[in-house]
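Only this structure's heavy atoms are used, side chains among them; waters, hydrogens and symmetry mates stay out. In listed order, ligands and their atoms are each counted from 1.
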Amino acid sequence: MMAGQPVVALESTIISHGMPYPQNVETALRVEETVRQAGAVPATIAVIGGRLKAGLSADEIDMLGKKGKDVPKASRRDLPVLVARGSDGATTVATTMIIAHLAGIQVFATGGIGGVHRGAEKTMDISADLEELARTPVMVICAGAKAILDLGLTLEYLETKGVPVIGYGTEELPAFYSRQSGFKVDYRLDTPEELAAAFRAQQEMGLGGGMLVTNPIPTEFAMDPVQIGAVIDQAVADACQLGIHGKEVTPYLLARVAEITSGDSLAANIQLVLNNARLGALAAKALTR
Ligand code: PSU
Ligand code: MN
């Protein structure tokens, strides 16, 4: 990797735990290609044989996709044991941010982030992604948060932690599969240059921490919010009934939503990731100028 080149970090939990094989591998490779076509260098991040890696080979991506749930989902708390054991790990948003920052990468594009789960006042299920956004200086580009989360509580948590939530071309927080959530973002910015300027200002002031950029799914791929809302309610109820908890919750809900929609949600998911990869490349280029 050449110094000064625009680089976009990409995560690997979405490959091993977020989508089924072979769509996961196909999507990961298409996302890398999209970043290249937009003029930046993709760096898919994972733990491979106990080593933190930014930039994977096609064979490594294929392995992460084929092994799927057999690759441990690696958030911040998982890194010590996985690295000491020489294990592989599929990195979440939190861990991808950590490794991107260690590698000097400022921009990271993905699909959705973890957040405050519905019912968190009882379960205390709050993703480590939010804490990482508070402490690690990386711009994370996502399509908002899924309604598998409590979006209002997620925004409150980010506010408390001092994480700016930006809407790209929108004042409304996008809700992953659909463009509307009924919640407002903190600021609307309209160009990659504006994103770069805000991120630069944050870091130059020494505020540290990351920035969350929410980029709505393109209209032609968006799902009906009422319909997908009902599906998500069903998936959350099923997870509750089955007693699913901890790190299994998010992968279970993603798979259950895809199952109930017979793949429609997966198609939307793929499109929004490609859309975020494109914006990630433009933001990374703007940051090098
Ligand atoms: N949301 C999605 N797709 C995903 C994830 C979240 O729409 O693949 C993954 C990301 O890797 C995210 C992780 O960092 O799930 C959050 O898991 P948890 O809620 O257990 O922190
Ligand atoms: Mn959790």
Ion pair Glu131/Arg76, N-O distance below 4.0 Å: no
Test your reading of the structure: does Val93 have an N or O sitting under 3.5 Å from an N or O of ligand 1? yes
Contact atoms of ligand 1, heavy-atom distance to His117 under 4.0 Å: 19 (O)
Atom 9 (C) of ligand 1: the protein heavy-atom neighbour that sits closest, reported with distance to 0.1 Å: Thr13 CG2, 4.0 Å
Report yes or no: do Glu132 and Thr136 form a side-chain donor-acceptor pair below 3.5 Å? yes
Closest to atom 21 (O) of ligand 1 (heavy atoms only, candidates Gly115, Ser16, Ser127) is Ser127
Tell me which protein heavy atom sits closest to atom 18 (P) of ligand 1, plus the residue, atom name and distance to 0.1 Å. Lys73 NZ, 3.6 Å
How far is atom 1 (N) of ligand 1 from its nearest protein heavy atom, and which residue and atom name does that atom have? Gly112 O, 3.5 Å
Run the numbers for me: atoms of ligand 1, each under 4.0 Å from some heavy atom of Phe176, listed by number. 7 (O)
Donor-acceptor pair, Ser57 side chain versus Glu60 backbone, under 3.5 Å? yes
Evaluate the criterion salt bridge (charged side-chain N to carboxylate O under 4.0 Å, His left out) for residue pair Arg30 and Glu33; output intermediate values, then yes/no. CA-CA 5 Å; Arg30 269 179 84 189; Glu33 195 46 42; over 6 Å; no
Can an N or O of Asp129 be found at a distance shorter than 3.5 Å from an N or O of ligand 1? yes
Beyond-backbone contact of Ile217 with Arg179, side-chain heavy atoms, under 4.5 angstrom: yes
Test your reading of the model: is there a side-chain donor-acceptor pair from Thr95 to the backbone of Ala74, 3.5 Å cut-off? yes
Closer than 3.5 angstrom, by distance alone: can the side chain of Asp150 be matched with the main-chain N or O of Arg118 as a donor-acceptor pair? no
Closest protein heavy atom to atom 19 (O) of ligand 1, given as residue, atom name and distance to 0.1 Å: Thr250 OG1, 2.8 Å
May I have the step-by-step check of side chain to side chain contact (heavy atoms under 4.5 Å, CB included) for Thr27 and Met19, ending in yes or no? CA-CA 9 Å; Thr27 303; Met19 289 185 191; 3.8 Å; yes
Side chain of Thr214, backbone of Ile166: donor and acceptor closer than 3.5 Å? yes
Validation row: Val41, Val35 side chains within 4.5 angstrom (heavy atoms): no
Pick whichever of Lys146, Glu11, Arg76 has a heavy atom sitting closest to atom 10 (C) of ligand 1. Glu11
For the side chain of Thr13 and the backbone of Ala90, is there at least one donor-acceptor N/O pair under 3.5 Å apart? yes
Sidechain N-carboxylate O distance under 4.0 Å for Arg289, Glu193: yes
Residue, atom and distance of the protein heavy atom nearest atom 4 (C) of ligand 1 read Leu254 CD1, 3.5 Å
If we only count N/O pairs under 3.5 Å, is Thr91 in contact with ligand 1? no
Contacts of the Mn ion (ligand 2) with protein N/O/S atoms, counting only those under 2.8 Å: Asp125 OD1
